[in-house]
Amino acid sequence: MTIRLYDTSARQIRDFIPLRPGCVSIYLCGATVQAAPHIGHIRSGLNFDIMRRWFAYRGLEVTFIRNVTDIDDKIIAKSAEQGRPWWSIGYENERAFTDGYHALGCLPPTYEPRATGHITEMVEMMRGLIERGHAYEADGNVYFAVTSFPDYLKLSNQELENLLQPSGEGETGKRDPRDFAMWKAAKPGEPSWETPWGRGRPGWHLECSAMAHKYLGTVFDIHGGGLDLVFPHHENEIAQAKAYGDEFARYWVHNAWVTMSGEKMSKSLGNSVLVGEMVKRWRPIVLRYYLGTPHYRSMIEYSEEALREAESAFARIEGFVQRTVELAGGPVEPSAEVPPAFAEAMDDDLGVPQALAVVHTTVRQGNSALAADDKEAAVARLTEVRAMLGVLGLDPLDPHWAGEGDRGEDLHGVVDSLVRLVLDQREAARARKDWATADAIRDRLGQAGLVIEDSPQGPRWNLGPR
């Protein structure tokens with residue numbers, strides 16, 4: 001068994017060889033909490049949740065760090081705009097991210113450190129970089145001197161001569177316009193912390209280098225994040241960490257965006273689709289299917305139609321699971337191993353689309369067994385389907401999703417009783433060969449959004465795709 005991953009720094013798929021046998025360490029750039037999350041933010045969490053689950057399935061012990069950026073220019077700007085404390089805005093949105101990850105079935109990280117909890121580590125790293133000649137203080141700011149680090153821009157494959165470094169307000173005293181800020185001098189009314197160079201606050205890039213060092217040491221396996229973070233964020237993280245003396249990440253893995261009309265989904269573009277609103281309109285497990293089943297390196301173009309297609313596809317899987325559990329008359333545990341074709345796809349750079357094709361093939365085989373009233377074969381296929389869905393975080397029988405599929409557990413019993421009354425009328429019409437009435441009842445139920453299936457055990461109903 002060899003897992004292979006696309007390494008952005010190598011620009012190719014590489015065999016994954018863990019630093020420590022039997023273990024894998026992952027650092028994922030998490031939320032900047034200036035606003036509530038949209039589905040583009042949560043996609044990153046989902047992609048790395050599936051990676052984490054696959055490593056665990058392959059028997060590796062996973063240490064998964066996902067940070068929270070709870071102080072930056074955008075949060076401070078929101079604080080001034082809304083007349084609220086910066087920490088209040090940060091905490092409110094951090095909770096919204098946590099709720100979003102949980103709603104879509106992401107496992108909690110091993111640790112989830114906040115930037116403001118690691119000022120000491122940042123000061124220590126800056127002191128070391130200044131001593132080594134890689135950083136300098138100017139007007140209370142601390143900058144990284146990019147020309148002091150020969151490997152700068154290797155990740156993003158840019159030329160230093162053509163570099164345009166993003167720069168924030170108040171970044172004065174730079175020796176070279178391409179240098180980037182690690183620490184920003186305090187401004188009146190802004191949050192600040194004491195340092196040997198005066199009061200100030202962290203720059204965006206420093207926090208991740210410092211927190212990765214603290215929680216994963218001088219070298220770790222995988223650093224992940226969205227494709228938009230390659231430059232400047234990850235490039236600057238590498239410069240800080242390696243100039244400080246760390247080997248840092250051995251593999252760099254980046255997920256693609258969710259787009260709308262071809263543009264990256266973002267708050268600044270005003271085209272975001274907030275997770276908190278989406279879960280009111282769509283079942284969270286369907287959102288997970290929609291966001292988690294394309295390949296992590298492929299763009300997702302958001303549309304309602306695509307979501308409806310995902311809903312229909314998942315309904316076929318869920319329908320087979322429900323019917324087979326009914327036939328079995330009790331719980332059916334997942335198999336200990338996934339089918340070889342599924343494992344082969346997942347080992348090859350987390351090929352979820354190919355792995356999902358194996359799921360659907362197995363479901364079709366299971367449905368054929370159900371049609372033939374072959375209970376043993378249907379149950380065998382269900383054990384395989386549950387094992388595969390478990391890896392993808394999509395098993396409808398998992399306790400996390402318990403009751404979620406009913407879209408309102410409190411009303412399910414009432415609705416079921418009412419539908420059963422109508423189905424009894426339909427069965428009576430069929431018994432007297434009044435096919436017109438039976439078909440009319442079925443059509444009316446269909447118009448109400450119900451799908452009726454006739455089985456050897458009698459008619460059953462489900463909510464159909466919207």
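- V286 pairs in a side chain to side chain contact (heavy atoms under 4.5 Å, CB included) with only one of the listed residues (E311, M278, E318, R308), which is E311.
- By the 4.0 Å N-to-carboxylate-O rule, D221 lies close enough to R250 to be salt-bridged with it.
- Panel note: side chain R14, backbone D7; no donor-acceptor pair is recorded below 3.5 Å.
- Atom CG of D246 sits about 12.0 Å away from atom CD1 of I238, to the nearest 0.5 Å.
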Review point. Do L307 and L287 pass the side chain to side chain contact (heavy atoms under 4.5 Å, CB included) test, and can you show the C-alpha distance, the side-chain angles, and the key distance before you say yes or no?
Key: CA-CA 8 Å; L307 258 167; L287 282 175; 3.8 Å; yes
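- Taking a 6.0 Å sphere around CZ of R20, one finds it holds 12 or fewer heavy atoms contributed by other residues, nucleotides or ligands.
- For the pair I76 and P191, the minimum side-chain heavy-atom distance is below 4.5 Å.
- Between W252 and H254, the ring planes lie parallel to each other; the angle is under 30°, not in the 30° to 60° tilted range.
- Panel note: side chain Q34, backbone I75; no donor-acceptor pair is recorded below 3.5 Å.
- Summarising the local packing, NZ of K174 is surrounded by more than 12 heavy atoms from other residues, nucleotides or ligands at distances under 6.0 Å.
- Under a 3.5 Å cut-off, the side chain of R43 and the backbone N or O of A256 do form a donor-acceptor pair.
- In this structure, the side chain of R316 does not engage the main chain of R364 through any donor-acceptor pair within 3.5 Å.
- A salt bridge links D73 with K184: the distance from a Lys NZ or Arg NE/NH1/NH2 to an Asp or Glu carboxylate oxygen falls below 4.0 Å.
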Check your understanding: Does the side chain to side chain contact (heavy atoms under 4.5 Å, CB included) test come out yes or no for V379 and T324, once each step is laid out?
Key -> CA-CA 6 Å; V379 169; T324 308; 4.1 Å; yes
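- Taking CD of E171 as the reference point, atom CZ of F180 lies at 11.0 Å (rounded to 0.5 Å).
- When each of I119, T116, D72, T69 is tested with P202 by the rule side chain to side chain contact (heavy atoms under 4.5 Å, CB included), just one qualifies, namely I119.
- Here R381 contributes atom CZ and E384 contributes atom CD; the two are 4.0 Å apart, rounded to the nearest 0.5 Å.
- To the nearest 0.5 Å, atoms CG (D49) and CH2 (W54) are separated by 14.5 Å.
- Heavy-atom neighbours of E344 CD from other residues, nucleotides or ligands within 6.0 Å: at or below the threshold of 12.
- When side chains are defined from C-beta on, I3 counts as touching F55, because their heavy atoms get closer than 4.5 Å.
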Exercise for review: Under the side chain to side chain contact (heavy atoms under 4.5 Å, CB included) rule, what do V273 and M260 come out as? Steps first, then yes or no, please.
Suggested key: CA-CA 10 Å; V273 183; M260 293 181 72; 3.9 Å; yes
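- For H118, the ring pair (Phe, Tyr, Trp, His ring centres under 6.0 Å) partners two or more places apart in sequence, or in a different chain, are Y215.
- Formation of a donor-acceptor pair under 3.5 Å by the D349 side chain with backbone atoms of G351 is not found in this model.
- Both tests pass for R297 against the ring of Y6: distance under 6.0 Å to the centre and angle within 45° of the axis.
- Listed by first and then second residue, the salt bridge (Lys or Arg N to Asp or Glu O under 4.0 Å) pairs that reach into residues 137-166 are D151-K154, sequence neighbours excluded.
- For the pair T147 and D176, the minimum side-chain heavy-atom distance is below 4.5 Å.
- Using cut-offs of 30° and 60° for the angle between ring planes, the H223 and F220 rings count as tilted.
- At a cut-off of 3.5 Å, with distance as the only test, no side-chain donor of H205 or H234 sits close to an acceptor on the other residue.
- Using a 4.5 Å cut-off on side-chain heavy atoms (C-beta onward), V279 and L104 make contact.
- The CZ atom of R199 lies 13.0 Å from the CZ atom of R201; values are rounded to the nearest 0.5 Å.
- Results of the ring pair (Phe, Tyr, Trp, His ring centres under 6.0 Å) test with Y136 over W197, F144, Y143 single out Y143 as the only residue that passes.
- Ion pairing between R84 and E92 holds under the 4.0 Å rule for side-chain N and carboxylate O.
- Both tests do not hold together for R58 against F16: distance to the six-membered ring centre under 6.0 Å, angle to the ring axis within 45°.
- With contacts defined as side-chain heavy-atom distances shorter than 4.5 Å, the pair C23/P18 does not qualify.
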Exercise for review: Check step by step if side chain to side chain contact (heavy atoms under 4.5 Å, CB included) holds for R114 and D70.
Suggested key: CA-CA 6 Å; R114 295 188 185 103; D70 60 342; 3.5 Å; yes
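- Side-chain atoms of E301 and T259 form a donor-acceptor pair, as typed in the model, at a separation below 3.5 Å.
- Using a distance-only test at 3.5 Å, with no hydrogens or angles considered, no donor-acceptor pair links the side chain of N255 to the main chain of N47.
- In this structure, the side chain of N93 engages the main chain of A36 through a donor-acceptor pair within 3.5 Å.
- More than 12 heavy atoms of other residues, nucleotides or ligands lie within 6.0 Å of CD in E194, so this atom counts as buried by the packing criterion.
- H400 places a side-chain N or O within donor-acceptor distance of the main-chain N or O of H102, the cut-off being under 3.5 Å.
- Counting only distance, with no hydrogens or angles, the side chain of R66 and the backbone of Y27 share no donor-acceptor pair below 3.5 Å.
- Among residues two or more places apart in sequence or in another chain, the side chain to side chain contact (heavy atoms under 4.5 Å, CB included) test is passed with A380 by none.
- A 4.5 Å side-chain heavy-atom check between H295 and V352 finds every atom pair outside the cut-off.
- Using a 4.5 Å cut-off on side-chain heavy atoms (C-beta onward), M51 and V253 make contact.
- Atom CG of residue L46 and atom OH of residue Y290 lie 12.5 Å apart, to the nearest 0.5 angstrom.
- Under the 3.5 Å distance criterion, with hydrogens and angles disregarded, no donor-acceptor pair is assigned to the side chains of Y57 and R53.
- With 3.5 Å as the limit, one finds a donor-acceptor pair spanning the side chains of S156 and E235.
- Among residue pairs with one or both ends in residues 205-214, those qualifying as salt bridge (Lys or Arg N to Asp or Glu O under 4.0 Å) are E121-K214; sequence neighbours excluded.
- Within 6.0 Å of CD in Q354 there are more than 12 heavy atoms belonging to other residues, nucleotides or ligands.
- Between P294 and P353, the closest side-chain pair of non-hydrogen atoms is not below 4.5 Å.
- With ring centers used as reference points, F64 lies 6.0 Å or more from F48.
- For R4 and D15, the salt-bridge test passes: some basic side-chain N is under 4.0 Å from an acidic carboxylate O.
- Between the side chain of R386 and the backbone N or O of L382 there is no donor-acceptor pair closer than 3.5 Å.
- For E305, the CD atom is loosely surrounded, since the number of other residues' heavy atoms within 6.0 Å does not exceed 12.
- Under the rule for a side chain to side chain donor-acceptor pair (under 3.5 Å), the partners of Y289 that lie at least two apart in sequence or sit in another chain are H360.
- Looking at residues two or more places apart in sequence or on another chain, you find a ring pair (Phe, Tyr, Trp, His ring centres under 6.0 Å) between H213 and Y244.
- With no hydrogens or angles considered, a side-chain donor-acceptor pair links N236 and Y152 at under 3.5 Å.
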